[in-house]
Amino acid sequence: ASPDVIRAADLTLDVPRMRVSAPNREIPELTPTEFVILAALARSPGRVFARAQLLDAAHGVAFESYERAIDAHIKNIRHKIEPNPPEPRYILTVYGVGYKFTDR
């Protein structure tokens, strides 16, 4: 598998073009930060990421921000990629810890 393409569930992430696609539906363009967070999650389905880990993936360790900013990014990503955002099937919340990409 090419590191330039990530396939997870029925999503395909084209890393160089920062595009996400799914069969039979249009996925709106993600911001660079949203794409990096989604790619980090999709590269390791089932792995639980703490909010701080996702911040590091998106901005690097030198960036100082509130961990809760990740919650806003996740909400925006879900709105764009989930068929039914209130009932997410791709990005799942692990209460008290953070988030994971579905391993189903």
Side-chain angles (χ1 to χ4, degrees):
S2 167
D4 290 345
V5 176
I6 302 167
R7 288 185 174 79
D10 66 346
L11 298 179
T12 302
L13 285 72
D14 181 336
V15 176
R17 291 177 183 84
M18 297 184 74
R19 291 188 188 144
V20 181
S21 60
N24 304 316
R25 60 190 176 93
E26 190 74 24
I27 303 288
E29 188 172 325
L30 275 66
T31 67
T33 299
E34 292 168 352
F35 187 87
V36 169
I37 292 168
L38 178 60
L41 289 163
R43 278 190 177 100
S44 301
R47 176 182 169 194
V48 177
F49 286 85
R51 288 174 177 87
Q53 291 173 304
L54 293 172
L55 271 175
D56 287 348
H59 298 293
V61 292
F63 186 86
E64 292 185 21
S65 180
Y66 295 108
E67 289 183 8
R68 292 296 182 173
I70 287 297
D71 297 343
H73 289 301
I74 294 292
K75 178 182 175 187
N76 293 336
I77 295 167
R78 282 178 173 159
H79 181 73
K80 293 176 181 180
I81 70 167
E82 297 283 356
N84 182 11
E87 296 179 20
R89 67 182 243 210
Y90 299 116
I91 300 176
L92 307 177
T93 301
V94 180
Y95 292 97
V97 180
Y99 299 96
K100 71 176 183 175
F101 195 91
T102 185
D103 53 358
R104 294 182 249 136

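Every value quoted in this text rests on a predicted model; they were computed, and no experiment measured them.
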Transitive ILVMFWY side-chain link Val15 to Met18, under 4.5 Å: yes
Nearest non-hydrogen partners of Val36 and Ala57, listed with the distance: CG1-O, 3.2 Å
Donor-acceptor contact below 3.5 Å, side chain Arg43 vs main chain Ala8: no
Spatial distance of atom CG (Leu55) from atom CD1 (Ile70) [nearest 0.5 Å]: 4.0 Å
Any Phe101 side-chain heavy atom under 4.5 Å of Leu38 side chain: yes
Gap between atom CD1 of Ile77 and atom OG1 of Thr33 - 0.5 Å precision: 9.0 Å
Evaluation steps, side chain to side chain contact (heavy atoms under 4.5 Å, CB included), between Ile37 and Leu30: CA-CA 10 Å; Ile37 292 168; Leu30 275 66; over 6 Å; no
All pairs passing side chain to side chain donor-acceptor pair (under 3.5 Å) where residues 5-16 contributes a residue, at least two apart: Asp10-Arg89, Asp10-Tyr90, Asp14-Arg17
All side-chain hydrogen bond (donor to acceptor under 3.5 Å, both in side chains) counterparts of Lys80, not counting sequence neighbours: Glu34
Reported CG-to-CG distance for the pair Leu41 and Leu11, which is rounded to 0.5 angstrom: 11.5 Å
Heavy-atom pair with the smallest gap, counting every atom of Pro45 and Thr102: CB-O, 3.4 Å
Straight-line distance of Thr93 OG1 to Lys100 NZ, nearest 0.5 Å: 10.5 Å
Inter-residue atom distance Ile91.CD1 - Ile74.CD1, 0.5 Å rounding: 4.5 Å
Among His73, Arg47, Arg51, the one residue meeting side chain to side chain contact (heavy atoms under 4.5 Å, CB included) with Tyr99: Arg51
